[in-house]
Amino acid sequence: MFIPDLSTGLFIVDFDQTLHVNQRTAAHPGAFKLFPNYPNPFNPETTLPFVLPDRMQIRITVHDITGRRVKTLLQGYQPAGHHHIVWDGTDRSGRKASSGIYFIRIQTKEWNQMQKVVLVK
């Protein structure tokens, strides 16, 4: 049986099919983690998984290649744990964005990271 380890992005092979869970990791993730979005390139939408170690205020925005903010996907408090956000390839007015390279930025007080995504039509 293959068991995904979300903290490393790897799979654990469990031959006796007994699932062992580290309670601290499951209940309280230890660190921020941004996983690669999928699919990438994408059309019409892409999913961005991430992990928060504690409940905190978070902001996720999409920017074009010039740095201009295209859309805010999430702004507010989120609980600790594994999350994901979906970008449907639209701008803040609901219009379809042009094909090209975009950056999804995830920000908290303690953490700031960007993920490159490619929208193809």
Side-chain angles (χ1 to χ4, degrees):
M1 170 184 261
F2 290 96
I3 302 167
D5 180 357
L6 296 178
S7 66
T8 64
L10 302 175
F11 287 91
I12 300 169
V13 179
D14 189 355
F15 292 103
D16 42 319
Q17 297 186 2
T18 304
L19 179 61
H20 302 282
V21 178
N22 178 332
Q23 294 292 17
R24 184 188 183 289
T25 302
H28 189 286
F32 294 101
K33 178 75 174 166
L34 178 61
F35 295 95
N37 64 297
Y38 61 89
N40 194 20
F42 75 96
N43 183 4
E45 63 184 32
T46 189
T47 301
L48 186 76
F50 60 96
V51 176
L52 298 176
D54 296 301
R55 180 182 186 275
M56 62 185 57
Q57 189 166 5
I58 186 170
R59 181 176 180 175
I60 300 177
T61 51
V62 178
H63 301 265
D64 66 15
I65 195 77
T66 67
R68 183 181 60 90
R69 186 166 28 110
V70 174
K71 188 172 189 173
T72 299
L73 300 177
L74 177 67
Q75 186 166 340
Y77 281 91
Q78 293 294 308
H82 298 272
H83 302 272
H84 70 275
I85 190 83
V86 175
W87 181 38
D88 62 2
T90 61
D91 65 14
R92 69 182 98 194
S93 300
R95 295 182 302 241
K96 293 185 179 188
S98 301
S99 294
I101 297 172
Y102 293 87
F103 297 92
I104 298 179
R105 183 177 186 185
I106 184 169
Q107 296 172 273
T108 71
K109 282 186 177 182
E110 300 84 15
W111 190 54
N112 183 15
Q113 191 169 348
M114 294 184 107
Q115 181 81 33
K116 181 171 82 169
V117 300
V118 179
L119 173 59
V120 293
K121 293 188 179 182

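Since this is a predicted model, take the numbers as computed values, not measurements. Numbering starts at 1 and runs along the sequence shown.
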Contact check, side chains of Val62 and Leu73, non-hydrogen atoms, under 4.5 Å:
yes

Please report the interatomic distance CD(Gln78) to CZ(Arg59), rounded to the nearest 0.5 Å.
14.5 Å

Within a strict 4.5 Å, meaning less than it, do heavy atoms of the Ile104 and Met114 side chains meet?
no

To the nearest 0.5 angstrom, please state how far the NE2 atom of His83 sits from the NZ atom of Lys33.
15.5 Å

Test side-chain contact (heavy atoms from CB on, under 4.5 Å) on Arg92 and Val70 and set out the steps.
CA-CA 6 Å; Arg92 69 182 98 194; Val70 174; over 6 Å; no

Using ring-ring contact (aromatic ring centres under 6.0 Å, His included) as the criterion, point out the one residue from Tyr102, Phe103, Tyr38 that pairs with Trp87.
Tyr102

For Pro39 and Glu45, the nearest pair of non-hydrogen atoms, with its separation, is CD-O, 3.8 Å

Please give me the minimum heavy-atom distance between Phe32 and Met56, naming the atom from each residue.
CE2-SD, 3.3 Å

Pro79 to Leu52 - nearest heavy-atom pair and separation:
O-CD1, 3.9 Å

Quick check on Lys109: does its NZ atom have over 12 non-hydrogen neighbours (other residues, nucleotides or ligands) under 6.0 Å away?
no

Nearest 0.5 Å, what's the OG-CD1 distance between Ser98 and Ile65?
13.0 Å

Donor-acceptor under 3.5 Å (Asn43 side chain, Leu119 main chain):
no

Could you give the distance from CG (Leu48) to CD1 (Ile85), rounded to the nearest 0.5 Å?
8.5 Å

Scanning both residues in full, the closest heavy-atom pair of Pro49 with Pro36 reads CD-O, 3.6 Å

Spell out, as yes or no, whether a donor-acceptor pair under 3.5 Å connects the side chain of Asn37 to the backbone of Val118.
no

Considering all heavy atoms, the nearest Pro53-Ala80 contact
O-CB, 3.6 Å

Under the side-chain contact (heavy atoms from CB on, under 4.5 Å) rule, what do Ile106 and Phe50 come out as? Steps first, then yes or no, please.
CA-CA 9 Å; Ile106 184 169; Phe50 60 96; 3.6 Å; yes

Are the side chain of Arg105 and the backbone of Arg69 linked by a donor-acceptor contact shorter than 3.5 Å?
no

What I'd like to find out is whether the side chain of Leu74 reaches to under 4.5 Å of the side chain of Ile58, using heavy atoms alone.
yes

Check whether any side-chain N or O of Lys121 sits under 3.5 Å from a backbone N or O of Pro44 as a donor-acceptor pair, and report yes or no.
no

Please answer whether the main-chain N or O of Glu110 pairs with a side-chain N or O of Thr108 as donor and acceptor at a distance below 3.5 Å.
yes

Strictly by modelled atom types, are Lys71 and Thr90 linked by a side-chain donor-acceptor pair under 3.5 Å?
yes

How many angstroms lie between CG in Asp88 and CZ in Phe42, if you round to the nearest 0.5 Å?
8.5 Å

